[in-house]
Amino acid sequence: MSIKVKNAAEIALMREAGRLLAKVHQDLSHELKEGMTTKEVDRIAEEMIRDLHCVPNFLHYQGYPASVCVSINDEVVHGIPNESRVLTNGDIVSLDMGLIYEGYHSDAARTHGIGEISKEAQLLIERTRESFFQGIQFARAGRHLNDISGAIGDYAESFGYGVVYDLVGHGIGSHLHEEPEIPNFRQRRRGPRLKEGMTLAIEPMINAGCPDVYWMEDGWTVLTDDGSLSAHYENTILITKGDPEILTLTEEEKISM
Ligand code: MF3
Ligand code: CO
């Protein structure tokens, strides 16, 4: 049981898996509109992934029935696309997806607003994204995993948000989920030491209210206990001696950074 360190050839494939997923995220974000069903979002995403000669890695993962998780408002993660669920003005929608390129996985999530969203919702989306960037300041060789978890959680909690403790990020590579688990809040243990060549999916899931969640009867959809909004932001990253390489940033995001 150990965290895999990827060699140069594997890293090249991870980079490409990340770049292609970022492209799908960017293109899909432009397709989102009011009135669209979540099933339609999934259909478009799957087509985009297959057009790139990649495989959607969520599809059939432990029986998951779609290529994307579409989670709206108080849905935290793993919302199953559905023909009768319609994107509505004011909704916040998290799109979580991944793909396999030449045997290597990428995984990323973004939360988007549909039409005009509340100030509260906008701030939650921005601060969830920022919590990721706070965390990865510590994502470098020689640091410990808990430095990342702690920075994410401390930042989010400073706004009174509830950091979801029942779900975690993960290592990623030739499998979607590898060691280690990556909590989004400070642990009592410093955790494993980070090494150059590790690839991680870091994914803060942050609730505007309390941190507690429950699972819907579908066995997948996770919702906030108190009905408060929840946002999700995830990238696949590569640990280096210096700043981490974020493998799943879109071209548009790189320009606006
Ligand atoms: N990004 C999520 C994760 O890392 C989704 C995987 S679960 C799936 O856990 F079944 F939807 F694929
Ligand atoms: Co993930």
Side-chain angles (χ1 to χ4, degrees), residues 3-4 6 14 17-18 20-22 24-25 28-29 38-39 41-43 45-46 48-50 54-72 75-82 85 93-101 104-112 128-129 131-132 135-136 139 145 148-149 152 163-185 198-207 213-223 230-239 244 246-250:
I3 305 172
K4 282 222 189 84
K6 277 73 178 181
M14 292 292 294
L20 293 169
L21 179 60
V24 176
H25 258 293
L28 188 59
S29 74
T38 57
K39 184 78 187 172
V41 175
D42 182 62
R43 197 191 58 74
E46 180 171 358
M48 287 175 172
I49 292 169
R50 297 205 189 274
C54 295
V55 176
N57 50 5
F58 290 12
L59 186 61
H60 308 315
Y61 180 84
Q62 292 182 2
Y64 186 74
S67 300
V68 192
C69 299
V70 186
S71 310
I72 304 177
E75 295 170 355
V76 179
V77 287
H78 304 166
I80 301 176
N82 183 302
R85 187 74 193 264
V93 181
S94 91
L95 301 180
D96 185 0
M97 59 185 163
L99 58 77
I100 310 172
Y101 171 78
Y104 283 81
H105 293 249
S106 53
D107 183 5
R110 298 290 184 270
T111 303
H112 301 285
T128 299
R129 173 184 180 280
S131 73
F132 166 90
I136 66 159
L145 193 69
I148 301 176
S149 300
I152 293 170
V163 176
V164 176
Y165 47 75
D166 275 331
L167 297 152
V168 293
H170 49 95
I172 182 167
S174 54
H175 299 272
L176 173 58
H177 293 143
E178 298 185 354
E179 288 181 54
E181 289 194 348
I182 308 176
N184 293 301
F185 58 98
M198 288 178 176
T199 44
L200 308 173
I202 297 178
E203 48 180 318
M205 291 153 271
I206 309 293
N207 301 345
V213 299
Y214 70 98
W215 271 255
M216 226 162 80
E217 300 85 87
D218 65 15
W220 283 102
T221 314
V222 180
L223 296 108
S230 187
H232 187 197
Y233 183 88
E234 174 180 26
N235 283 306
T236 299
I237 71 162
L238 168 69
I239 301 296
I246 308 175
L247 305 182
T248 47
L249 281 183
T250 71

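It should be emphasised that the depicted structure is a prediction, and the values quoted were computed from it without experimental measurement. Both counts, for ligands and for their atoms, begin at 1 and track the order of listing.
Within a 6.0 Å radius of NE2 in His175, other residues, nucleotides and ligands contribute 12 heavy atoms or fewer.
Tested against Ser94, the residues Ser71, Cys69, Ser230 include a single side chain to side chain contact (heavy atoms under 4.5 Å, CB included) partner, Ser71. Among Thr128, Asn235, Thr250, the single residue meeting the side chain to side chain donor-acceptor pair (under 3.5 Å) criterion with Arg110 is Asn235.
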Could you give the N/O to N/O pairs under 3.5 Å linking ligand 1 and the protein, each with its distance?
from     : atom 1 : to     : atom 2 : distance (Å)
ligand 1 : 1 (N)  : Asp96  : OD1    : 3.1
ligand 1 : 1 (N)  : Asp96  : OD2    : 2.7
ligand 1 : 1 (N)  : Asp107 : OD1    : 3.1
ligand 1 : 1 (N)  : Asp107 : OD2    : 3.2
ligand 1 : 4 (O)  : Asp107 : OD2    : 3.1
ligand 1 : 4 (O)  : His170 : NE2    : 2.8
ligand 1 : 4 (O)  : His177 : NE2    : 2.9
ligand 1 : 4 (O)  : Glu203 : OE2    : 3.1
ligand 1 : 9 (O)  : His177 : NE2    : 3.1

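Rounded to the nearest 0.5 Å, atoms CG (Asn57) and OG (Ser106) are 6.5 Å apart.
In this model, no donor atom of one side chain and acceptor atom of the other lie less than 3.5 Å apart for Asp107 and Thr236. Checking Asn82 against Thr38 by side-chain atom types alone, no donor-acceptor pair falls below 3.5 Å.
Take the Co ion (ligand 2) and draw a sphere of radius 2.8 Å; the protein N/O/S atoms inside it number 4.
Of all heavy-atom pairs spanning Tyr104 and Ala17, the tightest one is O-CB, 3.6 Å.
Side chain of Ser67 to backbone of Asp42: no donor-acceptor contact under 3.5 angstrom is found.
Counting heavy atoms from C-beta on, the side chains of Ile206 and Tyr233 never come closer than 4.5 Å.
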